[in-house]
Q: 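Dropping the structure in here first, questions after.
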2 protein chains.
Amino acid sequence: MSFPCLVFRRFSSTVAMKTGPSKQHFALPISEASLPKGFVATGLHCGVKKDATANDLAIIISESPRETSAAGCFTKNAFQAAPVCVSQEILRRTNGRARSLVVNSGCANAVTGEQGLQDAWAMSQETSHLYGAQEPSALVMSTGVIGQKLPISKIVTAIKSQARSAATRSLSPSASAWQEAAKAFMTTDTFPKIRARTFSIGGADYRIAGIDKGAGMIHPIMGPPVANRPLHATLLGCILTDAPVTPSSLQSALTHAVDRSFNCISVDGDMSTNDTIVALANGAAAPDDIPEIDEETAPDAFLAFRTELTNFAIDLAKLVVRDGEGATKFVTVTVKNAATYEDAHRIASKVSTSALVKTALYGEDANWGRILSSSGSVQGLSVPINPARVSVSFIPSDGTAALPVLVNGEPKIVDEVRAKEILELDDFEVCIDIGDFGSQQAKYWTCDLSYEYVRINGDYRS
Amino acid sequence: MSFPCLVFRRFSSTVAMKTGPSKQHFALPISEASLPKGFVATGLHCGVKKDATANDLAIIISESPRETSAAGCFTKNAFQAAPVCVSQEILRRTNGRARSLVVNSGCANAVTGEQGLQDAWAMSQETSHLYGAQEPSALVMSTGVIGQKLPISKIVTAIKSQARSAATRSLSPSASAWQEAAKAFMTTDTFPKIRARTFSIGGADYRIAGIDKGAGMIHPIMGPPVANRPLHATLLGCILTDAPVTPSSLQSALTHAVDRSFNCISVDGDMSTNDTIVALANGAAAPDDIPEIDEETAPDAFLAFRTELTNFAIDLAKLVVRDGEGATKFVTVTVKNAATYEDAHRIASKVSTSALVKTALYGEDANWGRILSSSGSVQGLSVPINPARVSVSFIPSDGTAALPVLVNGEPKIVDEVRAKEILELDDFEVCIDIGDFGSQQAKYWTCDLSYEYVRINGDYRS
């Protein structure tokens, strides 16, 4: 095997190196018409990253006359970074009415002690001043190296440059401003990750946009904010909509969506200290007479919104796996007919993180033995696997026929030519049918494990 | 980074390739004086492997006039291979009085259905005939490719060649016969793994010898035989002693030893379908008037034996990590001052399997951020980690001073020159002190994740 050298992957340090096949075709343009109303965005270089051409600070603010709702899901890592602690506290203090977010890349502000917390509060405070709020109400996210202090004065100076009166203000509702914001999220990402689209609920048209980042240290397990968490990197994402949603329902919908999207992806099985997904809903597109969408008072509208949010979050989450460090394959692992969703999810997660499965995917080897072995290694399922009922197949993404390799526990004679055709695709599905225990299904999205992954992570101090 | 090409790693297929630094210095000679009395061993080529110079069948038989006790720990994988099912059933049928074992490499006899079970029974039956037993009483182990049928007639022919009357019989108590047996366990191993030594209990001298194998798909979780398991790789190992031990106490001691040795190693985090450790104790060195060591009737002798067995098992287990596929480092991960042993063990296991930690070890990067992040990602600990109490240090194996990198949650300014000195060693320890919750400690043994690992496993159909 050789090293395909088609793409520069820019580290949050000054190093840049060639690695992996090109993923630029996933960097799609967005249309202004699909961007949510009432938000302004910017992305700029403030000096966290040494490379002056690389954006490292993003700000998004709601200017809607309606109150903006905010929600977040945060890493369950015991070592939550300072911005994770601060954002949770802000959601608590504002009762879910935060109206902006500020993000830096290049430094995770993790394991930075009391100073780290002060810096995260300062980022929030300065951003809040941009819209005249005295108390800090901007959600904060950071990504990059762990254990280093933020260059906070550079960040504060850059935030101040966005004041209404400043000649340097670049905050804008334009598509290009949103694109610059997306670039400021990037660390080892090879392309900016932004998507936007429209949807309708109850006859009203709304827009939703999202930005995320991540390529390594990707195996998030995120939950809603935890009350009274002691105040003491990385998947980051934000989802902005001009639909009107109450804070509690936005949190409920986001938790549901994250459980089925970002919590179902893995690049390397490593959970970060900074994983954060936040959502803002500013109601800017809502007709005046429409109340906020609420789980209790308008359950139909709520379910419609939650479905939209979930599908959108899945699309954003997949982008991270597409850009997985060193990844050459995008693989969907489906586990079906399990007794419980949790059983299915645990098996899918185990297969998706198996080094032997992931190297076999890289080697384009239809190695069902490794898939089976890793499925069987999950301990403590609610119903034990019955080996005689398990089937495994490879499903190509091009619409052609699936290839069964194991049926009811018996190996099939594999058509090696057909197996090779499927495994050479950039994108396919591994389907594990547990058999006769139930009807629950879980999907996981993963990538292969390549030389490049080892090279990137053997060299880079994250 | 370049590919150091010093060693041939022989696959159980016909392929052989150069990879990784030499590990031949771990292939130690054994002295006949330390081999347990009353056992004969052999290793030979019978034709499972295509390479006629590679051993692929081992037999060890107790010829002690005392009854031999047998015990085993077996993979908890749902897809237990046929030999795993058969060996458990034999222990049940004989009430722990099996007196021999037969092992093949090159084919795991896993996911082989009813035929696979018949083949495993045939191996046991033919081996039992060698010492005149009518019922199958030989423990069976297999390692190699999953999903392929055994060439059982070749194996049976080779077993028959060891009959007492046969001119071809090579079963012998000699050190060279034991060495040949150890070679027959090998698949991707680069050296045969055999150790032997002596110990004393109650004034009597005993001997203990062990053989194991494994280099990839190594993350065993093994337990004692499960009753009524449905009949329907790989770490393999056997431990033989001429001490007298009752079957139930041998099982109890082995379960304890395996929990603290083989269940604490990881090469790639993947649990096999075939993991098996068996022990035989034939009492051949016991004075006539000494009863069998028993947990209930002779607790002091039992504890002494269990300690010997555990320490010996740890030495054998470490050999597997030393020979980990692509490994260039042998790293001990110690978690101390945890609330419970299980908490400590789970954290140590998580750090030992983190792709980011393992690539950093390969890159000789003192990346404590990744160690911390992976420690913090363990969910559901009995007592949550308090980040402000956690300390991390690197401890060199050469007896020089430890290097603290994090103390009570605060990063230290790391002496990069000193860090480099330690991380360039082949062998060192990562110590994670959880702080103030308890006094429980767990150790895990792991290796780094290198290009070679990806190359070996991207090419090889296991």
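Reminder, nothing fancy here: chain letters follow the sequence lines and each chain counts from 1. The shown structure was predicted, so the numbers you read here are calculated from the model rather than taken from an experiment.
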Q: Can you tell me which of B:Leu406, B:Val378, B:Val357, B:Val390 forms the most heavy-atom pairs within a distance under 4.5 Å of chain A?
A: B:Val390

Q: Could you check whether atom CD of B:Glu424 has more than 12 heavy atoms from other residues, nucleotides or ligands sitting under 6.0 Å from it?
A: yes

Q: Looking at CD1 of A:Ile146 and CG of B:Asn367, how far apart are the two atoms once the value is rounded to the nearest 0.5 Å?
A: 7.0 Å

Q: Shortest non-hydrogen contact from B:Pro411 to A:Gly147?
A: CG-O, 4.4 Å

Q: Below 4.5 Å, heavy-atom pairs only: which of B:Lys358, B:Met271, B:His219 has the largest tally toward chain A?
A: B:Met271

Q: Supply the atom-to-atom distance B:Tyr362 OH to A:Arg455 CZ, rounded to the nearest 0.5 angstrom.
A: 11.0 Å

Q: Over all heavy atoms of both residues, which pair between B:Pro387 and A:Ala78 is shortest? Give the atoms and the distance, please.
A: CG-O, 3.2 Å

Q: Out of B:Asp268, B:Thr353, B:Val111, B:Ile221, which one racks up the most heavy-atom pairs below 4.5 Å with chain A?
A: B:Val111

Q: Determine whether more than 12 heavy atoms belonging to other residues, nucleotides or ligands lie under 6.0 Å from atom CD of A:Glu342.
A: no

Q: Got a donor-acceptor contact below 3.5 angstrom from the B:Glu410 side chain to the A:Gly113 backbone?
A: no

Q: Just how far is it from atom CG of A:Leu361 to atom CG of B:Asn457, taken to the nearest 0.5 Å?
A: 12.0 Å

Q: For atom NZ of A:Lys149, is the number of surrounding heavy atoms from other residues, nucleotides or ligands below 6.0 Å larger than 12?
A: yes

Q: Once you round to the nearest 0.5 Å, how far does OG of A:Ser373 lie from CG of B:Asp270?
A: 6.5 Å

Q: Just verifying a value: how many Å separate A:Arg370 CZ and B:Ser272 OG, rounded to the nearest 0.5 Å?
A: 11.5 Å

Q: Would you say the side chain of A:Tyr453 lies within less than 4.5 Å of the side chain of B:Val454, judging by non-hydrogen atoms?
A: no

Q: A:Ser375 versus B:Phe79: any side-chain heavy-atom pair under 4.5 Å?
A: yes

Q: With only heavy atoms counted, which part of B:Thr112 is less than 4.5 Å from chain A, the side chain, the backbone, both or neither?
A: neither

Q: Looking at chain B, which one of A:Ser450, A:Pro384, A:Ser377, A:Ser374 has the largest number of heavy-atom pairs inside 4.5 Å, strictly under?
A: A:Ser377

